[in-house]
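Please read the structure below before turning to the comments.
As the structure is a computational prediction, the values presented were derived from the model and not from experiment.
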Amino acid sequence: SSSQPPYYPTETAPPPPKHARDVPRVEQRDSKCTHICSSRGVVLICSVLTNGLVLICLVSAQMVTSGMSSMGGLGTFNINSDFNLQGTELQQVRELDAKYSQMRAPGVYGGIAFTLTFGALSLLFLVSGNKPPYLLSQKLLIGALVFQGGVGAVAYVVAVGLYLHFIIKVNSTDVCQRRERLYARNGYTWMSCDVGGADAAVALFGLITAILYAAGTVLTFQTIRRVKRYLQERKRREADRQQPRSSPQRAPLRPETTSV
């Protein structure tokens, strides 16, 4: 037997787990969608999509109103089998279709160029704005404000009005009237001189795009105001932090004492 007293381990608190002390600090980082999916970014995304819809409707309108004889060259229709036209009447249909398509071409091609330009600019401002607002250039924000409000919304309303005026003017010509009567004589009453569904869709999506640009103008203006207030507040705080360093407080003077 040993002369030493028995050893009883003291109850001590267990050490904290290693993983609890060595947990790395995770920094919160914004994803790529954080700023693009803001309210201002969502409006720009919708304007890009509506520009694409206007483009699709422009192309569809030209294809629908170009005439069945023009479509026959694409292999969709066989003019000799689908039409009960022969000789002079068949030649008239082809000539009128060609003239009518040429008359509509300036409005269609101008609309395509207009839509591609505004769609590309909207996409450019969308991609360039993928940063926190206070890190964006002031010129970029002002450019987006001018583009959406002063150019986009106004230009789209004017463009829709001009497009409808142009289409109505073309449809009121003698070429369109003769073409309508010739098609109606062979049972194709839907080939009329009224404003078609595709042209109406162009105007509808164009007005929706103008509304989106107007909404984007309001949101961009609010963003510029918030950024301006934020920068002023940050500048004021930096000035407050630097003020005590530039003017340190003096130590209080000791009162003079006289010996007795």
So [Y] and [X], do their side chains get closer than 4.5 Å, heavy atoms only?
{"X": "Q177", "Y": "T173", "value": "no"}
{"X": "V54", "Y": "F118", "value": "no"}
{"X": "Q232", "Y": "K228", "value": "yes"}

Determine the minimum heavy-atom distance between [X] and [Y], stating which atoms define it.
{"X": "S47", "Y": "T50", "result": "O-OG1, 3.0 Å"}
{"X": "V48", "Y": "G119", "result": "CG2-O, 4.1 Å"}
{"X": "R40", "Y": "T223", "result": "NE-OG1, 3.7 Å"}
{"X": "C193", "Y": "N171", "result": "O-CB, 3.0 Å"}
{"X": "V170", "Y": "C176", "result": "O-CB, 3.8 Å"}
{"X": "L126", "Y": "I45", "result": "CD2-CG1, 3.5 Å"}

Hey, quick one: are [X] and [Y] part of the same hydrophobic cluster, counting side-chain heavy atoms closer than 4.5 Å, chains of contacts allowed?
{"X": "V42", "Y": "I224", "result": "no"}
{"X": "V218", "Y": "I211", "result": "no"}
{"X": "F166", "Y": "V59", "result": "yes"}
{"X": "F114", "Y": "L116", "result": "yes"}
{"X": "L212", "Y": "V127", "result": "yes"}

Checklist entry - Would you call R237 and E233 a salt bridge, taking side-chain N to carboxylate O under 4.0 Å as the test? => result yes

Next on the checklist: Between R104 and D199, does any side-chain N to carboxylate O distance fall below 4.0 Å?
Outcome noted: yes

Next on the checklist: Counting only heavy atoms not in F221 (residues, nucleotides, ligands), do more than 12 fall under 6.0 Å from its CZ?
Outcome noted: no

Next on the checklist: For R225, is the CZ atom crowded, meaning more than 12 foreign heavy atoms sit under 6.0 Å from it?
Outcome noted: no

Next on the checklist: So, using disulfide (SG to SG under 2.5 Å) as the criterion, who are the partners of C46 when residues are at least two apart?
Outcome noted: none

Checklist entry - Step by step, would you call R179 with M191 a side-chain contact (heavy atoms from CB on, under 4.5 Å)? => result CA-CA 8 Å; R179 181 171 174 267; M191 192 72 74; 3.4 Å; yes

Rounded distance [0.5 Å steps], [atom1] in [X] versus [atom2] in [Y]:
{"X": "L96", "Y": "M103", "atom1": "CG", "atom2": "CE", "value": "10.5 Å"}
{"X": "L49", "Y": "I208", "atom1": "CG", "atom2": "CD1", "value": "12.0 Å"}
{"X": "I56", "Y": "I112", "atom1": "CD1", "atom2": "CD1", "value": "11.5 Å"}
{"X": "L219", "Y": "L44", "atom1": "CG", "atom2": "CG", "value": "9.5 Å"}

Item to check | Residue pair I168, Y163: steps toward the side-chain contact (heavy atoms from CB on, under 4.5 Å) verdict | outcome: CA-CA 9 Å; I168 292 173; Y163 179 78; over 6 Å; no

Checklist entry - What residue pairs, at least two apart or across chains, pass side chain to side chain donor-acceptor pair (under 3.5 Å) with a residue in residues 110-125? => result S122-Y213

Please tabulate, for side-chain N and O atoms in residues 135-157, each donor-acceptor pair with protein atoms closer than 3.5 Å (sequence neighbours left out).
from: S137; atom 1: OG; to: K139; atom 2: N; distance (Å): 3.3
from: Q148; atom 1: NE2; to: A144; atom 2: O; distance (Å): 3.3
from: Q148; atom 1: NE2; to: T220; atom 2: OG1; distance (Å): 3.1
from: Y156; atom 1: OH; to: N51; atom 2: OD1; distance (Å): 2.4

